[in-house]
**Student:** 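One structure, pasted below without further comment.
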Protein chains: 2
Amino acid sequence: MKTDQRLVAAAASLLDTGGESAVTIRAVAQAVGMSHNAPYKHFENRSALLRAVAFQDFAALTNAFAEVRQLRVRPLEKLKQALTVFVSYAQEYPARYRLLYSDPSIAAQGGDLEAAMKPFAEVAAIVQECQNAGDLPDVPNVELTGLIYASVHGLIDLQMGGRMRQEKGLTDASKGVELLIKLLQPLRDSGG
Amino acid sequence: MKTDQRLVAAAASLLDTGGESAVTIRAVAQAVGMSHNAPYKHFENRSALLRAVAFQDFAALTNAFAEVRQLRVRPLEKLKQALTVFVSYAQEYPARYRLLYSDPSIAAQGGDLEAAMKPFAEVAAIVQECQNAGDLPDVPNVELTGLIYASVHGLIDLQMGGRMRQEKGLTDASKGVELLIKLLQPLRDSGG
DNA sequence: ACCTGAACACCGTTCAAGT
DNA sequence: ACCTGAACACCGTTCAAGT
């Protein structure tokens, strides 16, 4: 494994075990057995290292969504599974999720954020299938996908931050996702 | 103005001008003219100071929502205005918004997060009015409000992070909010 | 190319005193 | 009660060298 990759792996591991603040350049260096400033030969700064972790995971998410898209199930079922992947990823790796979807370090820099768009594009393709099947409303695909994507992110983010355990309400994000999909159905048979 | 309040005000000001990382205990102390460690006589640590800023703004948001609720307009119009308040606040004070709705410092500690629930409760009341008027679907109020709240947060958060400027799509969060409300209408007259 | 030790300018936080 | 200076253990980052 190349040094770059070892650094990224170490950073990801520290992220998982100790959260973002645990990912110090010094700790990463120690984890791979270098002196405290050696990482600067591989990454411009701490931000760049974190971005490398994020891009690796954007790619992994993209693959996961692409796999879901190829399943032989109803479009709406694909969408549900894709969103479940999203929620599960966030629950299993909360710090990574925050890095990818809430951290200012990853914010729009230049062309870099293309990687961040790929998972979105996969979900958009699934949403389009749902729209073609009449399972989601006939509005511009990008807008609808943006809304769904944002809603799921919001549910995850608020849940992780403990800002939404209002009474019994939405204890977990998956319940919110279910409701979202249900309410977006263009035609609903009444109740139950 | 009491010293506590001056510290909170200075912290808020630094937050607005330089972002979260600019709110160092030392900078806050300097801003109010104390020595670098004097703030510790007023707040247990940096996190507690940030929480004080957040609670102040949770209260302000609660008031703003409460005012909207008392307007003499259609329920759905109230909801639109309330969500506009939300989006505008986030756009005008992005760092504060992140502190209130995305920062782990504010995450569920103990009873403190009651303050964070008050804006939610105001929105829930408006949503209930909409439901009573038949302008929003007849599902449990807390769940529906949670979904709307989370969706708006997600739109704001993804927009701020530059993670959603997919082509023309959702350039700004307000467009997403519009679409959300439109799609949540239980009865829609076709198109246009 | 890749690694190292020393150093700088910051942090949050604590402590022993001062008024 | 409220404030202070000195100090500790961290950071990110830079630099002059070493192999």
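In the text below, chain A, chain B and the rest are named by the order of the sequence lines, each starting its count at 1.
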**Student:** Is the A:Tyr97-A:Tyr93 ring centre distance short of 6.0 angstrom?
**Tutor:**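 No, they do not, as the ring centres are separated by 6.0 Å or more.
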
**Student:** May I ask which nucleotide in the shown strands pairs with D:dG12, Watson-Crick or G-U wobble, both distances under 3.5 Å?
**Tutor:**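 Its partner is C:dC8 (Watson-Crick or G-U wobble, both distances under 3.5 Å).
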
**Student:** Check the pair A:Tyr101, A:Phe86 against ring-ring contact (aromatic ring centres under 6.0 Å, His included), reporting the backbone distance first and the verdict last.
**Tutor:** CA-CA 11 Å; A:Tyr101 286 100; A:Phe86 219 26; 5.2 Å; yes

**Student:** To the closest 0.5 Å, what do you measure between OG (B:Ser151) and CG (A:Leu180)?
**Tutor:**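 So the OG of B:Ser151 and the CG of A:Leu180 are separated by 6.0 Å.
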
**Student:** Does B:Arg46 reach the main-chain N or O of B:Val23 with its side chain, forming a donor-acceptor pair under 3.5 Å?
**Tutor:**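 Present.
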
**Student:** Roughly, in whole Å, what's the span from CZ in B:Phe43 to P in D:dC3?
**Tutor:**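 After rounding, the reported distance stands at 12 Å.
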
**Student:** Of the candidate nucleotides D:dT4, C:dC11, C:dC3, which contains the atom at the shortest distance from the side chain of B:Ser35?
**Tutor:** D:dT4

**Student:** In this structure, are over 12 heavy atoms from other groups packed under 6.0 Å from B:Asp138 atom CG?
**Tutor:**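 Result for CG/B:Asp138: open.
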
**Student:** For a quick check, with a 4.0 angstrom heavy-atom cut-off, what is the B/S/- contact string for nucleotides 13-19 of chain C, read 5' to 3'?
**Tutor:** BBB----

**Student:** Using the P atoms only, state how far C:dC2 lies from D:dA17, rounded to an integer number of Å.
**Tutor:** 22 Å

**Student:** Now, which nucleotide makes the Watson-Crick or G-U wobble pair with D:dC2, with each of the two distances under 3.5 Å?
**Tutor:**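 D:dC2 is paired, partner C:dG18.
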
**Student:** Between B:Phe120 and B:Phe58, is the ring centroid distance below 6.0 Å?
**Tutor:** no

**Student:** Round to the nearest Å and state the distance from B:Leu49 atom CG to C:dC11 atom P.
**Tutor:**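 It is 15 Å, rounded to the nearest whole Å.
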
